[in-house]
J.: 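Encoded as structure tokens, here's the structure I'll be asking about.
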Amino acid sequence: MHDIRLLRDQLDHLREGMRRRGKLEELAPVLDRAETLERERRTAITELEAQQARRNKVTQEVAQRRKAGDDAAELIAEGRAIGETIAGLEARRQEAEAAVQRMLYELPNITLPEVPEGDESNNRIVSSWGTPRTDGESLTAHWDKGAELGILDLARGAKVSGSGFIVYRGAGAKLVRALMNMMLDLHTTEHGYEECWVPVVVNRTTMTGTGQLPKFEDDMYALNEEGMFLIPTAEVPVTNLYRDEILELSDLPRGLCAYSPCFRREAGSAGKDTRGLLRVHQFDKVELVRYATPETSRDELERLTREAETVLERLELPYRRLLLAAGDTGFSSAMTYDLEVYAPAVGKWLEVSSCSVFTDFQARRANIRYRPAPGEKPRFVHTLNGSALAFSRIIASIMEHHQQADGTVRIPAALQPYYGRATL
RNA sequence: GGACAGGUGGCCGAGUGGUUGAAGGCACCGGUCUCGAAAACCGGCAUACCGGCAACGGUAUCGUGAGUUCGAAUCUCACCCUGUCCGCCA
């Protein structure tokens, strides 16, 4: 969420931000109304408060007369009349405030200057690691390999829940457990993160804090119980941990990591891109979340992204880092790197991580602040997060990239202590 | 799920209809004292918003929302949360 003051004096800045995302056409009507709405909001407040001040005076006068034993009937009648006026003005204020709030909730974050303009065709590959296999033709796709090895049971997942719900069996289930432990150990022992285990069901306020709501309710699994949702990422509960709190400067930067299952409806159609483990409704992920000061948040993004890349290097999977163009950058994000890993049999690069700095966009929504120095006013923190990593596509990539001539799948050295064997 | 008890400022904790934004304490900031520190003493110390170049003025905020009233931290209702006991349960 943006600072409401931008609607007054930085509308051009907001317009430019929307233009860079390619959203100007869509959002121009909204922004055109912004100035009027904001002026109306302030007018309503001013008028309301003037009447409230009047009422407070009258009320005090009543008290004084009562005390002195004088008659106050006239004043009481006046107070009653003011009360009716106030009720009307209050309704108007609420309406104006809600209108501005709705508008603010609709506007995505403004990307950093170094983020390229335009849609995803302007995404930039900024670095890469390892060498993708070129013999994909001769490899077995992960969905077939998974069935062959008996570690993926897609049919029964579909039976139990629906398409896009995966059952891992035997060695596959153990692989999930191994990945989880390997990643969490790496981040806690080498990268300095505190491990958290968090709820996967959260309330509406929490979903709003990180920016999923109100705009993306359709992407979410909502529970029948009023206002509860399954999380699409551990980012949601972990970032909200410090909602409505003021952190000490000495707490920053701070890193939290958490494993969680992630639930996404992603109303996508079936087809090649959704086959096997490519796009599923429930997947597992280890998430990194960082709280930083505005001064360091940009550097923190590099650090966070490197930490995610480290996982891929330990898994010996070739990857590339993309700097997303403004139009492809998530709603709340100011700058995002995607990490993609190659699946040679599928012949596609798969997104396995998305590392973002949100500047103060989430912090303002969730009201997460820090005190720069004792006695100073609190400021909003900057939040960051990144997947490190999402399992399902990693598993797909492992099954394809580490496929050996004899049909077995090699387990990378760093994972072997957790998995217990050298092959799947 | 049921029965009680409770939610007040950064923290603890008074306060049951009228200068209560809210006693007192702690913490914090400034000062006196001290070689220095501690202690003691003095003073300061909420947040957000509106108007104003500013000085400053105003409004709101005692879990949330609605209601009663000229006036609500205080009374009424609903909801949320916490604690304790009971029930149920992996």
Side-chain angles (χ1 to χ4, degrees), chain A residues 1-10 34-104 197-209 213-214 222-229 237 240-252 261 291 360 363-381:
Chain A
M1 186 168 67
H2 296 288
D3 189 334
I4 199 165
R5 275 168 290 213
L6 295 186
L7 299 182
R8 277 182 244 170
D9 44 37
Q10 300 210 42
E35 243 179 321
T36 316
L37 281 177
E38 166 58 9
R39 201 178 313 112
E40 162 62 15
R41 184 184 73 91
R42 278 182 293 156
T43 306
I45 289 172
T46 306
E47 290 180 18
L48 170 67
E49 291 187 352
Q51 293 305 310
Q52 286 174 324
R54 250 186 90 204
R55 180 183 63 188
N56 289 345
K57 281 217 174 67
V58 169
T59 282
Q60 276 177 25
E61 183 71 15
V62 170
Q64 275 173 22
R65 291 212 189 170
R66 280 271 169 88
K67 218 173 201 173
D70 294 342
D71 177 54
E74 209 174 294
L75 287 174
I76 288 174
E78 188 184 350
R80 190 175 295 131
I82 297 173
E84 280 162 23
T85 311
I86 286 178
L89 289 171
E90 171 66 21
R92 186 175 144 206
R93 198 213 88 224
Q94 280 184 16
E95 203 174 304
E97 211 121 76
V100 171
Q101 188 69 256
R102 273 196 302 273
M103 176 170 56
L104 283 174
W197 197 272
V198 292
V200 300
V201 175
V202 298
N203 60 35
R204 186 171 283 276
T205 309
T206 296
M207 277 295 196
T208 306
L213 291 180
L223 303 186
N224 288 333
E225 186 176 353
E226 189 56 44
M228 301 298 273
F229 299 86
N240 275 280
L241 247 30
Y242 291 99
R243 192 175 69 228
D244 294 324
E245 293 194 32
I246 299 174
L247 304 172
E248 292 307 319
L249 186 62
S250 56
D251 291 335
L252 301 172
Y291 298 88
D360 61 4
R364 183 172 285 109
R365 282 180 167 236
N367 192 28
I368 307 168
R369 296 176 294 172
Y370 74 102
R371 207 176 288 283
E376 264 189 56
K377 278 191 150 193
R379 299 168 68 192
F380 290 115
V381 302

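So that the names make sense, note that chain A is the first sequence line, chain B the second, and so on, each numbered from 1.
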J.: Determine the interatomic distance between P on B/U8 and the same-named atom on B/U59; round to the nearest Å.
T.: 26 Å

J.: Could you state the CD-P distance from A/Gln64 to B/C70, rounded to the nearest angstrom?
T.: 19 Å

J.: Applying side chain to side chain contact (heavy atoms under 4.5 Å, CB included), run through A/Leu75 and A/Glu78 and close with a yes or a no.
T.: CA-CA 5 Å; A/Leu75 287 174; A/Glu78 188 184 350; 3.7 Å; yes

J.: Quick one, A/Arg93 and A/Glu97 - any side-chain contact, counting heavy atoms below 4.5 Å?
T.: yes

J.: Taking the same atom, C1', in B/A48 and in B/G43, what whole-Å distance lies between them?
T.: 27 Å

J.: Would you kindly give the CD-to-P distance between A/Glu84 and B/U69, to the nearest whole Å?
T.: 11 Å

J.: Could you check A/Leu75 against A/Ala53 and say which one's nearest nucleotide on RNA chain B is further toward the 5' end?
T.: A/Ala53

J.: Atom CD1 of A/Ile246 to atom P of B/C28: distance rounded to whole Å?
T.: 17 Å

J.: Suppose you measure atom C1' in B/G1 against the same atom in B/G13; what distance do you get, rounded to whole Å?
T.: 34 Å

J.: Rounded to whole Å, how long is the line connecting atom CG of A/Leu247 with atom P of B/G10?
T.: 15 Å

J.: Check nucleotides 16-21 of chain B against the protein and report each pair of N or O atoms closer than 3.5 Å, with its distance, or say if there are none.
T.:
| unit_1 | atom_1 | unit_2 | atom_2 | d |
| --- | --- | --- | --- | --- |
| B/G18 | O6 | A/Arg66 | NH1 | 2.7 |
| B/G18 | N2 | A/Thr59 | O | 3.2 |

J.: Could you list the protein-to-nucleotides 47-53 of chain B atom pairs, N/O on both sides, closer than 3.5 Å?
T.:
| unit_1 | atom_1 | unit_2 | atom_2 | d |
| --- | --- | --- | --- | --- |
| B/C50 | OP1 | A/Arg8 | NH2 | 2.5 |
| B/C50 | OP1 | A/Arg41 | NH2 | 3.3 |
| B/C50 | O2' | A/Thr46 | OG1 | 2.6 |
| B/G51 | OP1 | A/Arg42 | NH1 | 3.3 |

J.: Taking CZ from A/Arg65 and P from B/C70, how many angstroms apart are they, rounded to a whole number?
T.: 16 Å

J.: Answer yes or no: is there a side-chain heavy-atom contact under 4.5 Å between A/Asp3 and A/Phe380?
T.: no

J.: Take atom C1' in B/C62 and the same atom in B/G21, then report the distance between them in whole Å.
T.: 10 Å

J.: Between B/U20 and B/G71, how far apart are the two C1' atoms, rounded to whole Å?
T.: 13 Å

J.: Rounded to whole Å, please give me the gap between CD in A/Glu90 and C1' in B/G65.
T.: 12 Å

J.: Spell out, as yes or no, whether a donor-acceptor pair under 3.5 Å connects the side chain of A/Arg365 to the backbone of A/Thr208.
T.: yes

J.: Rounding to the closest angstrom, what is the interatomic distance between B/U16 and B/U68 at atom C1'?
T.: 16 Å

J.: Taking C-beta and beyond as the side chain, do A/Phe229 and A/Leu213 meet within less than 4.5 Å on heavy atoms?
T.: yes

J.: For B/C75 versus B/G18, give the span between their C1' atoms, rounded off to a whole number of Å.
T.: 15 Å

J.: How far, in whole Å, is B/G44 from B/C35 if one measures between their P atoms?
T.: 28 Å

J.: Over how many whole Å does the gap from A/Asn203 atom CG to B/U64 atom P extend?
T.: 16 Å

J.: A/Asp244 CG to B/G7 P: how many Å, rounded?
T.: 20 Å

